[in-house]
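Notes to accompany the following structure.
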4 protein chains.
Amino acid sequence: MPPSAAPDTARRSERSYRAIIDATKELLDEQGYVATSIDQIARRAGVGKQTIYRWWPNKAYLVLEAHAEQAAERNPIPDTGGLRGDLRAIAASFSHNLSDTAVGRVCVQLIGEAQVDEAFADAYREVFVTQRRAAVRELLERARGRGEVRDDVGVELALDFFFGPIWYRRLVRHAPLTREFAHAIADALAEAVAPR
Amino acid sequence: MPPSAAPDTARRSERSYRAIIDATKELLDEQGYVATSIDQIARRAGVGKQTIYRWWPNKAYLVLEAHAEQAAERNPIPDTGGLRGDLRAIAASFSHNLSDTAVGRVCVQLIGEAQVDEAFADAYREVFVTQRRAAVRELLERARGRGEVRDDVGVELALDFFFGPIWYRRLVRHAPLTREFAHAIADALAEAVAPR
Amino acid sequence: MPPSAAPDTARRSERSYRAIIDATKELLDEQGYVATSIDQIARRAGVGKQTIYRWWPNKAYLVLEAHAEQAAERNPIPDTGGLRGDLRAIAASFSHNLSDTAVGRVCVQLIGEAQVDEAFADAYREVFVTQRRAAVRELLERARGRGEVRDDVGVELALDFFFGPIWYRRLVRHAPLTREFAHAIADALAEAVAPR
Amino acid sequence: MPPSAAPDTARRSERSYRAIIDATKELLDEQGYVATSIDQIARRAGVGKQTIYRWWPNKAYLVLEAHAEQAAERNPIPDTGGLRGDLRAIAASFSHNLSDTAVGRVCVQLIGEAQVDEAFADAYREVFVTQRRAAVRELLERARGRGEVRDDVGVELALDFFFGPIWYRRLVRHAPLTREFAHAIADALAEAVAPR
DNA sequence: CTATAAGCGAGACGGTACGTCCCGTCTTAGA
DNA sequence: TCTAAGACGGGACGTACCGTCTCGCTTATAG
């Protein structure tokens with residue numbers, strides 16, 4: 001993720017950068033997003049506040065970047081031989097990440113900021129949304145090649161059908177985000193796109 | 001919605017209550033959730049801050065309650081004669097509400113707080129989720145009576161498929177939440193639950 | 001002390017009155033003047049706040065009245081036969097009361113209010129100053145009758161010389177208010193007013 | 001006066017410091033101690049509240065420091081050639097300061113706080129008591145050198161006799177603090193310490 | 001012997017000030 | 001020249017009291 005609008009990133013002190021990122025992750029782990037302040041991060045990192053504000057516009061961007069690499073850690077696109085299996089695998093892994101990892105916690109805690117800051121929303125999508133959609137898109141295209149997806153199926157719509165329910169359960173928490181649920185989503189989608 | 005955890009609501013001054021709720025809605029409309037402070041609300045309402053804190057634990061609860069009645073304003077459950085039409089109607093109305101009304105704006109601005117305060121999440125669901133789900137659930141059951149829904153279809157899962165993509169688009173904003181999209185969701189769901 | 005400007009004292013509930021006075025003294029003893037609030041007193045006394053405000057204009061007046069009777073508890077005017085002894089006795093008793101009793105503590109804690117509220121200052125003097133001065137005045141007049149006081153001595157000035165240093169030490173606390181100090185004051189005054 | 005208990009005073013903004021001190025004096029002059037709030041001072045000074053709380057623990061300390069320099073403005077020790085004249089001069093000047101100047105008003109309005117906060121009482125004495133006593137002490141010693149003070153006279157006791165009545169009248173206000181009164185105190189003390 | 005007014009408890013109310021926290025910017029001393 | 005340290009202006013927060021008010025209930029006189 002690009003540091004928004006910042007000075008020459010080459011001149012940046014690697015040492016401070018690491019310290020900031022690490023402190024951010026530690027503090028988020030310990031006390032969550034809202035309870036963590038820039039002052040705390042600077043103190044923990046042994047860094048001046050200015051050094052933080054030089055590279056990130058505010059806490060949200062910093063937290064996002066701190067977790068971006070883990071979030072991006074490319075979960076390999078599965079290849080089980082069939083669409084249903086592939087979707088099951090990726091649905092399960094995605095909902096696990098969203099529910100049970102630090103990255104997932106950060107993802108939902110940042111959703112509020114994304115409602116309020118349009119530029120941040122872009123960066124947020126880049127980290128948490130775009131890549132995952134691309135993976136599933138690829139997977140669907142591959143399946144279409146194998147004749148498992150009807151020609152008249154809109155892929156973007158299919159992606160919304162795939163990710164929507166998972167995000168919905170995670171954010172609204174009206175019901176638990178289980179592996180069974182992930183599989184059910186995958187199964188339903190595979191069937192819905194299949195040729196009759 | 002019950003006033004969370006508060007003293008005897010019978011002794012509450014109706015006059016102040018109305019003034020607070022109204023001021024809250026006005027200010028949210030004028031400047032959005034984050035820019036609105038409890039001090040401002042109190043001043044606008046001509047009320048002591050303590051009177052607000054007596055009845056609501058914080059801004060989020062107050063804002064939620066201020067919009068609860070509009071949110072609850074029961075959109076009549078449509079009856080077009082067929083499941084597809086019913087779903088289309090309700091999907092369109094729901095995504096319109098979420099996208100283009102003050103209540104919808106509040107709904108997404110409060111989602112962040114719901115990630116952080118479990119009790120608030122409960123209240124939030126009560127206002128923005130439960131009733132809508134109930135409406136669609138009823139609609140699906142009715143359709144099942146007419147033979148438009150297969151017996152093996154899980155209704156809760158169907159509800160997640162219906163609402164998930166709409167919330168997803170609204171919160172993540174990777175694509176616009178159009179009437180066409182709403183109809184596409186409705187159509188896809190109607191078809192997916194239909195007997196083969 | 002008259003309750004300033006208040007309704008018919010005859011209709012006052014003796015029970016509540018006692019409870020208020022007692023609660024006031026207890027709380028002052030436990031936590032001092034500033035930390036004690038009218039709300040606390042009302043709660044402790046099992047009394048409505050209005051009942052307090054009906055009879056006293058504010059905390060200072062209430063506290064003053066609560067301690068007035070002890071303050072007034074007429075320390076008998078000593079009669080040792082000589083002026084020096086009489087002054088010693090009264091100086092010692094006065095500085096002891098001021099330093100080491102609950103009434104003394106209240107007396108100094110109320111001095112601030114007396115700087116700010118003129119009417120209160122009057123009441124304050126009535127309780128803590130006037131009677132004591134009268135006692136010493138009487139004592140000096142008696143001594144004058146015995147020829148122990150020169151005719152040209154101004155009695156009011158003598159009283160200021162007598163009480164001034166004691167109040168001064170108590171309020172400024174640059175040095176402890178000991179019995180020796182009290183005696184030294186008495187001795188010096190006795191000598192200063194004595195015929196040459 | 002040391003800034004009580006505060007961070008490195010060297011890093012303090014001289015500009016803000018002056019603005020705070022000046023605003024404090026202005027507001028005290030305009031509306032008195034109790035009516036003046038920290039918020040007002042901060043606003044008038046164009047300063048954040050935190051900047052005040054960083055350097056002073058509360059209003060009392062700030063007000064004290066704001067007036068410390070005037071209070072300390074060394075009134076030159078008079079030298080009229082005789083003890084009586086010197087004491088008259090200093091008594092008159094002191095009681096004038098206490099009665100008729102802004103510093104005097106502050107002095108009595110802070111006396112309440114000094115009854116309640118021991119550390120503050122120390123600072124208070126430093127500003128309002130210690131120097132004045134030192135001046136009169138010096139004056140008495142000088143007079144002793146000239147043979148105007150008996151050897152067996154305790155100087156500290158004499159100081160209490162000198163200042164006590166003046167403070168007493170000022171704080172209790174049972175009688176006005178006139179120049180005549182000041183002179184009478186001076187005369188009486190001069191005579192009392194004189195050799196027989 | 002009622003009725004009617006007062007006092008009463010409880011506590012909500014409009015208001016003010018408090019002292020803390022955090023934001024994002026600015027200043028400074030030293031490496 | 002950059003950086004840690006942290007002071008700065010600003011402003012929201014949530015709490016504590018103030019003194020007034022409203023509400024039913026109790027009580028004690030006055031008709």
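Chain naming here is simple, since letters A, B, ... match the order of the sequence lines and numbering starts at 1 in each. Model, not experiment: these values are computed from the prediction.
Inspection of the D/Y33 and D/E113 side chains reveals no N or O donor paired with an N or O acceptor under 3.5 Å.
The CD1 atom of A/I52 sits 12 Å away from the C1' atom of E/dC23 (whole-angstrom rounding). Residue A/Y33 contributes atom OH, which lies 14 Å from atom P of E/dC22 at whole-angstrom precision. As rounded to whole Å, 16 Å separates atom P of E/dC8 from atom OH of C/Y53. At whole-Å resolution of the value, CD in B/Q40 and P in E/dG14 are 18 Å apart. In this entry the distance linking CH2 of A/W55 with P of E/dG24 reads 18 Å, nearest Å. Between the CZ atom of B/R44 and the C1' atom of E/dG14 there is a distance of 18 Å, given to the nearest Å. Distance CZ (A/R54) to P (E/dT25): 12 Å, rounded to an integer number of Å. Rounded to a whole Å, the CG atom of D/L62 is 14 Å from the C1' atom of E/dG19.
Using a 4.5 Å heavy-atom cutoff, the side chains of B/W55 and B/L62 are not in contact.
B/R18 CZ to B/E14 CD: the interatomic distance, rounded to the nearest 0.5 Å, is 7.0 Å. Interatomic distance, CG of B/L27 versus CZ of B/R43, reported as 9.5 Å (0.5 Å rounding).
The pair C/E118-D/R173 meets the salt-bridge criterion, with a side-chain N (NZ, NE, NH1 or NH2) lying under 4.0 Å from an Asp/Glu carboxylate O. The pair B/R125-B/D122 meets the salt-bridge criterion, since a charged nitrogen lies less than 4.0 angstrom from a carboxylate oxygen. No salt bridge links B/K25 with B/E30; every basic N to acidic carboxylate O contact stays at or beyond 4.0 Å.
Between B/T51 and E/dG14 there is a side-chain polar atom (N or O) within less than 4.0 angstrom of OP1 or OP2.
Residue order along DNA chain F, read from the 5' end via each residue's closest nucleotide, puts B/A35 first among B/A35 and C/A35. Looking at which nucleotide of DNA chain F each of A/D39 and B/T36 is closest to, the 5′-most match is held by A/D39. Place D/V34 and B/G48 on DNA chain E by their nearest nucleotides, and B/G48 ends up nearer the 5' end. Nearest-nucleotide assignment on DNA chain E puts the 5′-proximal partner with C/R15, out of C/R15 and A/S37.
Chain A approaches DNA chain F over the interval F/dT1 to F/dA7, counting the first and last nucleotide 5' to 3' with an atom under 4.0 Å from its heavy atoms.
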Step by step, would you call C/F120 with C/W56 a ring pair (Phe, Tyr, Trp, His ring centres under 6.0 Å)? CA-CA 11 Å; C/F120 178 75; C/W56 297 276; over 10 Å; no
Contact state string [nucleotides 26-31 of chain E, B base, S sugar-phosphate only, - no protein heavy atom under 4.0 Å]: BB----
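A side-chain donor-acceptor contact under 3.5 Å links B/Y124 to the backbone of B/C107.
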